[in-house]
Amino acid sequence: MNGEIAAILAMDGIASGAIYVLIGLGLVLIFAVTRVIFVPFGDIAAFTALSLASLETGGRPGTVGLVAVLAILATAVEATALVRNRALHRLPRALLFYLVLPLVPAAAVWFAAGTTLSMPLRIVLSLALVLPIAPLLDRIVFRPIADASVLLLLTVAVALHFALSGLGLMFFGPEGVRTKPLTDTVFDVAGLIVNGQTLLILAASIAFCGLLFLYFEFTIQGKALRATAVNRIGARLVGIRPTSTGTIAYLLASLLAGISGVLIAPVTTIFYDSGFLLGLKAFVGAIIGAMVSYPVTALGAVMVGLLESYTSFWLSAYKEVLVFGLLIPVLLWRSLSFSGTEEEEAEE
Amino acid sequence: MALLSIDQVTVAYDKVEAVRGVSLAIEPGQIVTVIGPNGAGKTTLLGAAIGLLPWRGRMSFDGIDLRRLDVEARIERGFCLVPETRELFGDLSVSDNLLLGGYSRRRDSAGLKQSLTDVYGRFPRLSERRDQKASTLSGGERQMLALGRALMVKPRLLMLDEPSLGLAPIIVREVFRIIASLRELGVSILLVEQNARAALETADFGYVLETGEIVHSGAASALMHDPRVTASYLGGHHDAGLEARGPKRMSGPGGPRSEEGELR
Ligand SMILES: Nc1ncnc2c1ncn2[C@@H]1O[C@H](COP(=O)(O)OP(=O)(O)OP(=O)(O)O)[C@@H](O)[C@H]1O
Ligand SMILES: [Mg+2]
């Protein structure tokens, strides 16, 4: 392997790492605020890619049906809860948030089907289509068991992944898709050919990490999210609703996952079930960050990308094996430091 | 009309009833104290009133049935709790803790700024430490932060669970001075204390809770001279009131405090 190949592989690795970074940060965000390890999170990225591809060919994305089904289920769950708590006066609000709002992008896509949309519009529409999925799943599945142990929540999340894969097959079909490149530009950086797509991935990843940081540091909503993560009771006692911050976390994380789906769609063929591996690789990064640290998660995700890139050159058949093999020592190391922090907390 | 009315309220953990048929009322502008030994159910009562624990009976705040309000809705109406465990946001800075205290008023940014200035004026120490993480504060500073954070809610009724817990005497005195001064702002207070003398000196009205039931109640000044109360809670000698108390004992009933009460 010469220097040039090494550099190209590094470039590739960093680019796919940058995609895992976005998904990994979303995973950490959801976990911090809701304590749910949202296993089907990669699916959000994959569904965005599939929606984008479908809009490109003038089709009607399967997401429309998926969101409609979830919105109806969520509305039913919420309405039942309101009836049981004798809080029917909150029904109009519930209908707005669980039925009308999630279906607005779906309806827009429904009516726009067949017309040719510009690329930015297609991207915005696919993001908007996908955004309600995770919050709706939260309402249907996780909110009724919000006080359960992390382990139970994880088990349910795994089950949810299988359910969502089934729905994915039903609504998107078994074909793989690949979208048109976002840009055809090619740069020559110090004799090395770098294509614009790679740079775009990097730029988008860095930009969204920066935005996330600003949101957490400088907005009251962002601080409320952190407060919920640090101390749920404390948050409730100042009037922060963990269910609301949970919804914001799901929306924000879905946006990150959606962006990564848009970025990855032109470079990899995406199937209805591709999300699982994407999510799992991002999860390795998140585990390196102990599910709490955003910067370490980002570093971990880039490491996973690099590892994947180099192993695919040397031992492409073992690429996945090696990446997940890495998970084992990291998990061991992290489980040691995890139990350390728990003891510290117990002492307080 | 009472600001907070608690009527025949029972609170149970699984099968064990920690609070049984308790009734009490707080009028606007009043300071009411609930005293009692370890494990009497004081914290449990406050937890139920703020909506963190399930309860039976009737409770209303400002005429609204508390069954209809969740914790956050209580906070929005100015009914808040500084819990025994404080529940600060350890990873966040002092100023962020205070800012989040005003979360329920986040649309009133001018009012929030004013409240923040007030809190810093009241607790200059917090102002000095404003960029420090809450988890790095000392016990007394944490207590000030917990109080300050609750004041940011702009409370109408503030429930304080053992605000003097683990504080040095000089700071205990300061805390009670602040509690008394809050009355001038029109804040009503429900004060739970084991430091019975200081609590009764500050309050207008008092209740004595023992093993989940109210056993005495009356004007604070009357309770202070009631022999049954002085014997168990005021420990005979006169200056026991504002003494410092050490860190909390581990178990519920039968801790050193209640033993002390029973022996005398
Ligand atoms: N989470 C819980 N589960 C079961 N029992 C509990 C729980 N919390 C408290 N108790 C019990 O309820 C009773 C009342 O406890 P509570 O904490 O309300 O007492 P307290 O008056 O606040 O005491 P202290 O002065 O020690 O703070 C005790 O017997 C305690 O053991
Ligand atoms: Mg207590």
Side-chain angles (χ1 to χ4, degrees), chain A residues 28-29 31-33 81-90 93 143 146-147 213-248 289-296 341-342 344-348, chain B residues 46-47 49-53 65 67-93 95-109 112 133-135 139 142 145-146 148-155 158-159 161 247:
Chain A
V28 173
L29 174 60
F31 177 70
V33 178
L82 289 179
V83 169
R84 209 178 316 137
N85 297 331
R86 296 196 208 106
L88 279 177
H89 58 281
R90 299 218 309 258
R93 198 184 135 88
R143 215 170 298 161
D147 295 324
F213 173 78
L214 294 178
Y215 176 71
F216 282 143
E217 282 301 313
F218 297 108
T219 70
I220 181 99
Q221 244 352 301
K223 286 173 185 176
L225 252 64
R226 283 165 67 201
T228 315
V230 174
N231 188 333
R232 298 174 77 80
I233 304 252
R236 298 199 69 189
L237 288 175
V238 297
I240 300 170
R241 280 197 171 75
T243 50
S244 309
T245 43
T247 303
I248 296 174
M291 293 307 286
V292 292
S293 165
Y294 295 95
V296 182
T341 50
E342 261 163 39
E344 276 167 35
E345 274 165 24
E347 275 169 24
E348 275 188 15
Chain B
L46 298 192
I50 203 67
L52 289 172
L53 295 171
D65 182 354
R67 239 170 244 302
R68 295 175 54 90
L69 304 181
D70 58 9
V71 179
E72 296 83 353
R74 285 165 165 85
I75 309 299
E76 278 162 19
R77 285 171 177 72
F79 177 22
C80 59
L81 167 69
V82 176
E84 198 172 8
T85 39
R86 310 304 174 226
E87 309 293 352
L88 297 172
F89 306 121
D91 265 0
L92 272 62
S93 68
S95 63
D96 282 349
N97 269 270
L98 291 175
L99 193 72
L100 286 166
Y103 183 81
S104 57
R105 302 162 55 208
R106 60 194 175 283
R107 280 173 201 96
D108 170 23
S109 56
L112 273 184
K133 276 190 183 184
S135 58
R142 268 176 220 225
L145 182 55
R149 191 179 71 175
L151 291 178
M152 292 294 292
V153 175
K154 210 169 190 183
L158 188 56
M159 301 195 294
D161 197 347

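Protein chains get the first letters and strands the later ones, always in sequence-line order, with residue 1 at the start of each.
- Contacts of A:Val230 with chain B are made by side-chain atoms alone, with heavy-atom separations under 4.5 Å and no backbone atom involved.
- Taking B:Arg149, B:Arg68, B:Arg105 one by one and counting their heavy-atom pairs under 4.5 Å with chain A, the maximum is reached by B:Arg149.
- With A:Arg236 as reference, B:Glu72 is the one residue of B:Glu87, B:Glu76, B:Glu72 to meet the salt bridge (Lys or Arg N to Asp or Glu O under 4.0 Å) rule.
- B:Arg74 does not touch chain A: none of its heavy atoms, backbone or side chain, sits under 4.5 Å away.
- Remark: B:Lys154 NZ is loosely packed, at most 12 non-hydrogen atoms of other residues, nucleotides or ligands lying under 6.0 Å away.
- Between chain A and the options B:Val82, B:Asp70, B:Thr85, B:Asn97, heavy-atom pairs under 4.5 Å are most frequent for B:Asp70.
- Nearest heavy-atom pair, A:Ala224 versus B:Tyr103, reported as atom, atom and distance to 0.1 Å: CB-CE1, 3.6 Å.
- Residues B:Val71 and A:Ile233 form no side-chain contact, since every pair of their non-hydrogen atoms from C-beta on lies 4.5 Å or further apart.
- Heavy atoms of B:Leu99 lying under 4.5 Å from chain A belong to its backbone as well as its side chain.
- Side-chain contact between B:Asp91 and A:Arg226 is absent, with no heavy-atom pair separated by less than 4.5 Å.
- Contacts of B:Ala73 with chain A are made by both backbone and side-chain atoms, with heavy-atom separations under 4.5 Å.
- At distances below 3.5 Å, at least one donor-acceptor pair connects side-chain atoms of A:Asn231 with backbone N or O atoms of B:Leu88.
- Expressed to the nearest 0.5 Å, how far OG1 of A:Thr219 lies from CZ of B:Arg106 amounts to 11.5 Å.
- Shown here is A:Arg90, whose CZ atom has no more than 12 heavy atoms of other residues, nucleotides or ligands within 6.0 Å.
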A:Leu237 and B:Leu52: CA distance, side-chain angles, deciding distance, side chain to side chain contact (heavy atoms under 4.5 Å, CB included) verdict | CA-CA 9 Å; A:Leu237 288 175; B:Leu52 289 172; 4.2 Å; yes
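- Residues satisfying the side-chain contact (heavy atoms from CB on, under 4.5 Å) test with A:Ala32, not counting sequence neighbours, are A:Ala229, A:Tyr294.
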